[in-house]
Number of protein chains: 2
Amino acid sequence: MIRVAIADDHRMLLEGLANALSAVADLTVVATAVDGQELLDKLENANAQVLVIDIEMPGMDGLTALSRLDGRLPAVVVTMHTDDDRRQQAAAAGAAAFLSKGAPLPELAAAVRAVLGGENLIESGVDEGVMARHGSPVLDAGAAALTNREIELLTLLGRGVSATDELAERLFISSKTVKNHLASIYEKLGVADRAQAAVEAIRLGFTGD
Amino acid sequence: MIRVAIADDHRMLLEGLANALSAVADLTVVATAVDGQELLDKLENANAQVLVIDIEMPGMDGLTALSRLDGRLPAVVVTMHTDDDRRQQAAAAGAAAFLSKGAPLPELAAAVRAVLGGENLIESGVDEGVMARHGSPVLDAGAAALTNREIELLTLLGRGVSATDELAERLFISSKTVKNHLASIYEKLGVADRAQAAVEAIRLGFTGD
DNA sequence: TCTGATATGGACCTGCCGACCTATATCAGT
DNA sequence: ACTGATATAGGTCGGCAGGTCCATATCAGA
């Protein structure tokens with residue numbers, strides 16, 4: 001899981017974005033702040049790996065906060081207004097990426113993964129190459145190894161279908177096979193039972209929509 | 001579930017807000033749009049009950065879209081700039097509430113519930129009375145009846161703590177009591193086992209943060 | 001062609017889960 | 001003072017869950 005800290009003075013964007021990013025399988029939001037000072041304070045104990053930060057904030061703005069951090073964390077700067085002035089200011093403050101708030105969420109997620117990997121997108125932006133390298137979340141090692149059938153089963157679990165017989169009927173297989181698949185899932189995800197597998201299913205986004 | 005449609009030209013806010021509102025127990029987002037025209041198009045088939053709409057959008061802006069809708073749906077207008085001009089324009093266009101994007105998410109949720117109930121907050125804003133009446137989501141009948149201890153247990157379940165003994169240790173009670181509480185939870189939520197209870201715990205927002 | 005992964009199915013067994021019933025102490029509300 | 005809800009704990013019991021084996025058929029890839 002990539003631990004992200006977010007700062008934005010607009011609570012709707014802040015909380016909305018925090019929620020959306022946490023919903024991305026490989027990201028988790030460990031701190032949120034409505035200005036630069038609060039961000040610096042919270043970073044003390046938050047153990048974040050990447051910053052997503054708005055330029056425009058009352059009190060200490062994003063660029064000042066970035067300068068104070070002096071590159072301790074890679075940062076993705078987001079802004080309402082993507083003019084060249086701001087881009088250059090962001091670059092000078094040590095940002096590793098620069099995005100419009102109008103950018104699609106997957107691009108933000110890709111930028112977060114890219115800058116954590118040390119890439120600098122401040123000039124190039126998020127292009128196709130970045131999306132190709134970082135577009136799809138790197139799921140947990142175990143989750144990546146799940147087979148199609150296991151994912152089908154896991155999705156049902158995440159939707160609350162827990163009984164062996166019920167699962168067997170829905171997948172048109174015997175209850176014995178269901179138990180075999182479940183055993184594989186438990187091993188791959190490192191969980192012990194259906195309840196934990198269901199929680200993981202939801203966390204990994206196997207919700208069937 | 002209250003079916004909400006959202007329009008905002010900034011995808012981060014749009015998708016983030018959609019995600020955050022869907023995470024609220026009694027709300028679900030059935031349509032999103034990046035301008036007024038797309039909103040009108042999507043509303044044809046979306047069966048939404050309430051609108052959350054940004055004023056500033058390229059193409060057809062929020063106020064124009066509201067005028068076109070002519071009050072068919074109650075609408076909460078959100079904006080970056082909450083000056084009186086905009087508030088009056090929103091009122092004229094038929095909005096039932098007017099909020100800053102800096103407003104906390106619970107206030108937006110409360111406003112959505114209030115305008116669905118026919119209240120007009122365009123002048124008064126979201127005050128304490130509104131929060132008192134509409135602040136807490138109306139959870140499922142069963143979930144509302146959960147006791148504090150049951151919620152503690154359910155929260156642990158939603159975080160993947162599934163073994164009886166583990167639950168007992170964490171709550172400093174005997175395993176027998178854990179099983180008693182679980183039985184109550186199953187009955188109140190209408191579920192059959194831990195896996196289903198865990199899924200419900202997450203759906204209801206008992207995630208422990 | 002041979003191997004490995006996938007999907008299916010089975011037997012067996014230990015043990016925990018869930019159902020049902022009972023019991024006590026506390027506390028808030030009447 | 002009495003009642004009801006809550007939180008605690010115990011007993012019993014049938015059954016399913018999860019672990020550990022094993023077996024077969026298919027299919028893609030080396």
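Using modelled atom types, one side-chain atom of B/Gln49 and one backbone atom of B/Arg3 make a donor-acceptor pair closer than 3.5 Å. At least one donor-acceptor pair closer than 3.5 Å links the side chain of A/Arg87 to the backbone N or O of A/Ile122.
Between the CD atom of A/Glu166 and the C1' atom of D/dG15 there is a distance of 18 Å, rounded to whole Å. As rounded to whole Å, 10 Å separates atom P of D/dG18 from atom CD of A/Gln196. For A/Asn148 and D/dA28, the CG to P distance is 13 Å, given to the nearest whole Å. For A/Glu150 and C/dT6, the CD to P distance is 7 Å, given to the nearest whole Å. Spacing between atom CD1 of A/Ile185 and atom P of C/dA7 amounts to 10 Å, rounded to whole angstrom units.
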Take nucleotides 8-30 of chain C nucleotide by nucleotide from the 5' end and write B, S or -, depending on whether a protein heavy atom sits under 4.0 Å from the base, only from the sugar-phosphate, or from neither. BBB------BBS-----------

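The two residues B/Ala7 and B/Leu39 come nearest to each other via the heavy atoms CB-CD2, 4.0 Å. Of all heavy-atom pairs between A/Ala114 and A/Leu121, the closest is CB-CD1, 3.8 Å.
Residue pairs that meet the side-chain hydrogen bond (donor to acceptor under 3.5 Å, both in side chains) test with at least one member in residues 33-43 of chain A, sequence neighbours left out, are A/Gln37-A/Asp41, A/Glu38-A/Lys42.
Of the N and O atoms on the side chains of B/Arg194 and B/Thr164, at least one donor lies less than 3.5 Å from an acceptor on the other residue.
Between A/Asn47 and A/Val30, the closest side-chain pair of non-hydrogen atoms is not below 4.5 Å.
Classification of B/Lys188 and B/Glu200 as a salt-bridged pair fails, no side-chain N sitting under 4.0 Å from a carboxylate O.
The side chain of B/Thr147 places an N or O atom within less than 4.0 Å of a non-bridging phosphate oxygen (OP1 or OP2) of D/dA7.
Five base pairs at each end of the helix from C/dT1-D/dA30 to C/dT30-D/dA1 define two local axes, and these are offset by 50° (rounded to 10°).
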